[in-house]
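Input: a single structure, listed below in structure tokens.
All figures in this text were calculated on a predicted structure; none of them were measured in a lab. Residues take their numbers from the sequence shown, with the count starting at 1.
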Amino acid sequence: MNEGTKKESFHQGNLRLVLQQVINNAPISRIEIARNLGMNKSSITTLYNEVDEMGYLKEIGSGEASKMGGRKPTLVTINDNFGYTVSVDLGYRHLHIMSNLLNGKSVGYERIEINNRDIYKIIDIVNKQIQTIDAEMETEQGLLGIAFSIHGVVYDNEIVKSPFLDMKDVDLKQVFEDEYHVPVVLENEANLSAVYERDFNAAQNDNNILSISIHKGIGAGIILNRNLYHGFKGAAGEIGSSLMFTNIDERDQYNFKKVENFCSEDAIIESIQKQKKTTGLDREGLEKLLHEGDEDAQRVVDLFIAAISRVIYNASVSFSPEKIFINSKLMEDIPGIFTAIQTTTKSLDMVPELYMTKQSNCATLLGACSIITHHVLGLDEYNLVFAYQENK
């Protein structure tokens, strides 16, 4: 790298630091940016003006004058009208789509049933939704990027494994980049739930966390030293595929099952349906059975609590996180299950505290919003902090 290239790289790094300061500390003045970055006012003014010319900044008034008097500093925030991003969660039964401004504010959300629809029909639905969003949005640059939350293994923006939705070898990244000419990012849904905790929620000051998603399957998003850990070919965190001892059969053979076969939400419901010889049970029906004191349902849930508590404990021992978050709509709807898991993990002397993810329906979408916002701003390696704001 020659001297000119080094200087340009250093300059671009400083521009990103200024932009990072505005996103993380808005409203903020140039004086505060200079102080936080240890730069002189002249250097910051040059950098600030360049970032402003890119359209990323919006001045919002004056702050307090210093004790020495003088002019009040101009406060600045991110220009939320610059453009917007779209995040898509490709669930098993439902498609979730959210649009967000650059400051992370949610300006649109749709939940669409996709039972038994193939990937081509799902792509058509996503396209129609994006076109509808674009027609309603009035931003300066329009659509900036798209992020997909995938319930499977993702490596280098390619879907390696999709157990619940047949992708038919469709390259989602290529399809949507060709259609909209914006960056497209794919990421595992449990990883995005961890990103949500790191960038939007309760782990903004933590370096090492686990986020365990319990839905049709089970997965863990791992944040190590503030960075998302993918492991070899993106397979880190696939704890639902790990084996758990179940019993010794009449031939003295040790039997093991995959964790997700009896610790996922679907496994609970299927087990209760089998015992009661019925079909069509859903989360709401399970809640009703538990409220009525149904013994079959309570027995299955108690076994789930005992098993998943040990899965969480083992994950805790393996990764030694500061906090563990559980992303589960089932537990959000029936909080007594989460409370029982907290009690059980404490009885096992688990060190990190256990937390339930708030707004679990939006967690992966907001995690997706964060990674695509990082990407379109050229801040992939920078820590950004967002405040979740719903559109009123």
Side-chain angles (χ1 to χ4, degrees), residues 91-94 113 115 151-152 163-165 189-190 193 210-220 237-250 253-317 324-350 354-358 360-361 363-364:
Y92 174 68
R93 297 182 182 90
H94 297 93
E113 190 172 295
N115 280 339
H151 294 247
F164 309 127
L165 178 63
E189 66 89 19
S193 186
L210 277 181
S211 176
I212 299 177
S213 291
I214 304 172
H215 304 293
K216 185 173 178 63
I218 305 175
E238 289 294 296
I239 60 176
S241 296
S242 59
L243 299 177
M244 180 175 280
F245 172 74
T246 55
N247 67 302
I248 302 175
D249 63 24
E250 64 275 5
Q253 296 293 315
Y254 290 85
N255 292 323
F256 297 85
K257 287 185 178 180
K258 287 186 177 182
V259 165
E260 63 189 19
N261 288 347
F262 54 94
C263 282
S264 65
E265 180 178 327
D266 276 30
I268 296 171
I269 289 174
E270 287 171 11
S271 180
I272 294 172
Q273 287 183 152
K274 186 176 180 181
Q275 291 194 30
K276 304 191 82 62
K277 296 180 173 59
T278 186
T279 59
L281 184 67
D282 57 12
R283 195 184 300 126
E284 187 176 315
L286 172 58
E287 185 175 3
K288 183 180 178 183
L289 288 175
L290 293 173
H291 181 73
E292 293 171 349
D294 185 272
E295 292 184 0
D296 291 331
Q298 191 61 60
R299 188 182 309 111
V300 171
V301 169
D302 286 343
L303 286 171
F304 163 75
I305 290 167
I308 198 65
S309 295
R310 282 152 182 81
V311 171
I312 294 168
Y313 174 82
N314 289 340
S316 168
V317 171
I324 299 178
F325 297 88
I326 305 297
N327 181 340
S328 167
K329 192 67 172 65
L330 174 68
M331 294 185 208
E332 196 169 26
D333 290 349
I334 312 174
I337 295 177
F338 177 76
T339 302
I341 292 171
Q342 277 186 311
T343 301
T344 304
T345 52
K346 284 182 180 178
S347 74
L348 296 171
D349 294 326
M350 190 174 81
L354 196 61
Y355 299 86
M356 186 153 61
T357 292
K358 300 174 182 176
S360 62
N361 276 345
T364 55

For [Y], is there any backbone N or O sitting under 3.5 Å from a side-chain donor or acceptor partner on [X]?
X	Y	value
T357	S360	no
T343	T339	yes
T344	A340	yes

Which heavy atom in [X] sits nearest to a heavy atom in [Y], and how many Å separate them?
X	Y	answer
N327	S193	ND2-OG, 3.0 Å
M356	F338	N-CZ, 3.3 Å
P163	G152	CD-CA, 4.0 Å
Y313	L348	CE1-O, 3.3 Å
L289	A297	CB-CB, 3.9 Å
A267	F262	CB-CA, 3.6 Å

So do the side chains of [X] and [Y] get within less than 4.5 Å of each other, counting heavy atoms only?
X	Y	answer
V311	I212	no
V301	I334	no
I308	I326	no
E265	L286	no
L243	K257	no

Nearest 0.5 Å, what's the [atom1]-[atom2] distance between [X] and [Y]?
X	Y	atom1	atom2	answer
H94	N115	NE2	CG	6.5 Å
N261	I218	CG	CD1	9.0 Å
L354	L210	CG	CG	10.5 Å
I272	T278	CD1	OG1	11.0 Å
T364	H151	OG1	NE2	6.0 Å
S328	H215	OG	NE2	6.5 Å

Any salt bridge between D296 and R299, counting N to O under 4.0 Å?
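Counted as a salt bridge, because a side-chain N and a carboxylate O are separated by less than 4.0 Å.
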Counting heavy atoms not belonging to H291, are there more than 12 under 6.0 Å from its NE2?
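No, the 6.0 Å shell around NE2 holds no more than 12 heavy atoms from other groups.
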In this structure, are over 12 heavy atoms from other groups packed under 6.0 Å from K216 atom NZ?
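For K216, atom NZ is crowded (more than 12 foreign heavy atoms under 6.0 Å).
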According to salt bridge (charged side-chain N to carboxylate O under 4.0 Å, His left out), does anything in residues 330-339 pair up with another residue at least two apart or in another chain? List the pairs.
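As it turns out, the salt bridge (charged side-chain N to carboxylate O under 4.0 Å, His left out) pairs with a partner in residues 330-339, which skip direct neighbours, are R283-D333, K329-D333.
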Applying the side chain to side chain contact (heavy atoms under 4.5 Å, CB included) criterion to M350, which one of N314, I324, V317 satisfies it?
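Going through N314, I324, V317 one by one, the side chain to side chain contact (heavy atoms under 4.5 Å, CB included) with M350 is satisfied by I324 alone.
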V300 and side chain to side chain contact (heavy atoms under 4.5 Å, CB included): which single residue from Q275, K274, E270 fits?
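Of the listed residues Q275, K274, E270, the side chain to side chain contact (heavy atoms under 4.5 Å, CB included) partner of V300 is Q275.
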Test item: side-chain donor near acceptor, D294 and Q298, under 3.5 Å:
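D294 vs Q298: no donor-acceptor pair found between side chains.
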Evaluate the criterion salt bridge (Lys or Arg N to Asp or Glu O under 4.0 Å) for residue pair R93 and D266; output intermediate values, then yes/no.
CA-CA 12 Å; R93 297 182 182 90; D266 276 30; 2.9 Å; yes
